[in-house]
Amino acid sequence: MAIDLRIMTLNCWGLPFPVICKNRQERIYAIGEYLHKSSFDIIVLEEIWVKSDFHMLREKLKKKLPFSHYFYSGAIGSGICVFSKFLITETMYYCFHLNGHPHKIFHGDWFGGKGVGMCSLLIDGLDINLYCTHFHAEYNPGHDEYEAHRLAQAIELCQFVRRTSSNCDMVIVAGDFNTTPAQLGYKVITHYGNLRDVWRDKQNAMDEESGGTCEVPGNIYTDPKNLTRCPHGSRIDYIMYDVKESFEVLVSDWQTGIGKIPELNINYSDHEAVLVKISINKREATESPPLKNLPSQKSLSREQRESLQESLLVLDKGVARCVNEEKFFQSMVFVLSLILYAINNWLVDPMTLEDSLLMAFSISCAKLGLALAIGVSVWTALILKRAEFHALVACKEDIMKLLGV
């Protein structure tokens with residue numbers, strides 16, 4: 001007997017900053033209304049940063065999707081939540097070792113503690129592990145300083161899925177990968193991770209240009225400047241799967257987008273939703289081997305080996321960038337300390353400070369600012385950059401073990 005599942009994933013763009021994130025309250029409420037009227041079995045949402053938004057959605061969906069979970073992580077939460085028609089028997093969250101930089105406040109990924117969440121579902125006797133993730137954003141395609149971080153996240157995702165899925169019948173991975181099919185991270189996930197992109201297996205014919213999920217034309221939140229670079233948008237949101245050989249999966253429908261909010265004529269998000277319908281059938285009675293996604297050094301295919309070798313080159317660039325930034329902050333400590341020393345000993349006449357209260361206040365503020373800048377530079381150089389360096393090297397070592405080098 002076939003098991004039919006309707007699955008949806010959407011990056012909801014739910015930042016709690018009205019100036020940056022437009023129409024958040026109206027859009028999140030409308031998303032809840034749409035989902036309440038829909039007939040999905042599993043829903044994965046990203047960027048639900050405001051906890052009250054999750055509580056509102058949970059209350060609105062509890063009759064149709066009685067089981068839900070929010071993955072708490074970092075300073076502001078991961079933003080990832082799941083709503084399910086089926087019982088969630090176990091949950092777990094793995095935080096990526098590399099998550100951007102805390103001093104890049106306006107990027108903010110570090111504060112969300114991005115990673116991958118797992119929900120174990122029991123569906124008509126079928127054990128399914130649902131994985132939900134959100135990778136680091138690509139803020140500047142022409143100068144992508146987070147390429148190595150995102151690639152390391154892709155590798156950690158594969159490792160986590162492989163090491164937690166040996167006892168289940170099927171895995172489903174959904175979320176915003178911030179990675180296009182042409183980029184290395186996608187190749188790592190589909191080659192090394194052995195995850196199948198439902199887009200590739202869909203029955204309904206659709207060209208690649210019709211699959212954009214971000215910065216797509218027609219979305220009112222799309223920056224027109226980005227359309228000159230990518231006229232049809234980018235496909236960066238995915239639903240992927242792997243299944244035991246004793247089962248087969250048919251992707252009967254795949255589509256993107258849920259239109260606009262009728263009353264307001266605005267989009268539900270700056271991303272487009274990914275919606276898929278799959279049918280899971282059990283093959284003739286055979287012994288069920290474990291999931292296929294456990295490549296070892298001897299069993300690596302040519303595609304897996306090539307994508308991992310290419311990953312080493314990207315990680316090498318990331319290590320070099322990290323070392324240079326560490327040296328920069330070390331230099332900042334030295335230069336700022338010299339300036340502070342000069343102000344204290346040579347540049348300020350004590351008699352002048354006694355005569356001018358404003359001058360004394362200004363000098364005190366300058367000293368305080370320099371002391372804070374020195375402290376931040378020391379923290380960044382000796383702690384943050386060292387941690388980033390070690391995480392990049394650890395990821396390289398993992399790949400080298402697999403390649404036998």
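What you see is a predicted model, and the numbers here were worked out from it, not measured in a lab.
For the pairing with His97, the side chain to side chain donor-acceptor pair (under 3.5 Å) check across His149, His390, Glu156 returns one residue only, Glu156. Under the side chain to side chain donor-acceptor pair (under 3.5 Å) rule, Arg235 has a single partner from Thr213, Thr180, Thr256, Asp197, which is Asp197.
Counting non-hydrogen atoms of other residues, nucleotides and ligands closer than 6.0 Å to NZ of Lys327 gives a total of 12 or fewer. The environment of CG in Asn167 is sparse: at most 12 heavy-atom neighbours from other residues, nucleotides or ligands sit within 6.0 Å. The neighbour count for His107 NE2, taken as heavy atoms of other residues, nucleotides or ligands under 6.0 Å away, is above 12. Applying the 6.0 Å contact sphere to NZ of Lys64 captures more than 12 heavy atoms from other residues, nucleotides or ligands. Within 6.0 Å of atom NZ in Lys62, 12 or fewer heavy atoms from other residues, nucleotides or ligands are found, so the atom counts as exposed in its surroundings. Shown here is Gln25, whose CD atom has no more than 12 heavy atoms of other residues, nucleotides or ligands within 6.0 Å. Within 6.0 Å of atom CZ in Phe334, 12 or fewer heavy atoms from other residues, nucleotides or ligands are found, so the atom counts as exposed in its surroundings. Open room surrounds NE2 on His36; 12 or fewer heavy atoms of other groups in view lie less than 6.0 Å from it.
No donor-acceptor distance shorter than 3.5 angstrom exists from the side chain of Arg150 to the backbone of Thr179, with no hydrogens or angles considered. A distance-only check finds a donor-acceptor pair linking the side chain of Thr89 to the backbone of Ser120 [under 3.5 Å]. A donor-acceptor contact shorter than 3.5 Å is absent between the side chain of Asp144 and the backbone of Asn140. Side-chain atoms of Asn219 come within 3.5 Å of backbone N or O of Ser269 as a donor-acceptor pair. Put simply, the side chain of Ser377 never gets that close to the backbone of Gly375: no donor and acceptor are under 3.5 Å apart. Using modelled atom types, no side-chain atom of Ser234 and backbone atom of Ile236 make a donor-acceptor pair closer than 3.5 Å. Judged by distance alone, with hydrogens and angles left aside, the side-chain atoms of Asp176 form no donor-acceptor pair with the main-chain N or O of His134 at under 3.5 Å.
Taking the six-membered ring for Trp, His136 and His101 have ring centres at least 6.0 Å apart. Taking the ring centroids of Tyr70 and Tyr93, they lie at or beyond the 6.0 Å cut-off. Annotation: His191 is not in aromatic contact with Tyr186 [ring centroid separation under 6.0 Å not met].
Side chain to side chain, Asp237 and His271 meet the donor-acceptor criterion of an N or O pair below 3.5 Å. Asn178 and Tyr139 form no side-chain donor-acceptor contact under 3.5 Å, judged by distance and modelled atom types alone. Tyr131 and Asn129 share a side-chain donor-acceptor pair at under 3.5 Å. For Tyr241 and Asp201, the side-chain atoms include at least one donor-acceptor pair closer than 3.5 Å. Side-chain contact, Asn226 with Glu215: a donor N or O sits under 3.5 Å from an acceptor N or O.
Contact check on Asp316 versus Lys396 returns a salt bridge, with a Lys/Arg side-chain nitrogen under 4.0 Å from an Asp/Glu carboxylate oxygen. Using a 4.0 Å cut-off between a side-chain N of Lys or Arg and a carboxylate O of Asp or Glu, Glu306 and Lys187 do not qualify as a salt bridge. A salt bridge links Glu145 to Lys104: one of the charged nitrogens lies within less than 4.0 Å of a carboxylate oxygen. For the pair Asp53 and Arg24, the salt-bridge criterion is met [side-chain N within less than 4.0 Å of a carboxylate O]. Lys244 and Asp169 are joined by a salt bridge, as a carboxylate oxygen and a charged side-chain nitrogen come within less than 4.0 angstrom of each other.
The aromatic rings of Phe135 and Phe96 sit perpendicular, their planes meeting at an angle over 60°, well past the 30° parallel limit. Using the six-membered ring where Trp is involved, Tyr34 and Phe40 have ring planes that are tilted, between 30° and 60° apart. The aromatic rings of Tyr94 and Phe160 lie parallel to each other, with less than 30° between the two planes, well short of the 60° mark. Ring planes of Trp254 and Trp199: perpendicular class, angle over 60° (limits at 30 and 60°).
For Cys158 against Val188, the heavy-atom pair with the smallest separation is SG-O, 3.8 Å. Residue Pro141 comes nearest to Arg229 through the heavy atom pair CG-CZ, 3.7 Å, listed as atom of the first residue, atom of the second, then distance. Minimum interatomic distance between Cys119 and Ile88 (heavy atoms only, all atoms of both residues): CB-CG2, 4.0 Å.
A cation-pi contact links Arg386 to Phe389, judged by a cut-off of 6.0 Å to the six-membered ring centre and 45° from its axis. Geometrically, Arg58 does not engage Phe67 in a cation-pi contact, judged by NZ or CZ lying under 6.0 Å from the ring centre and within 45° of the ring axis.
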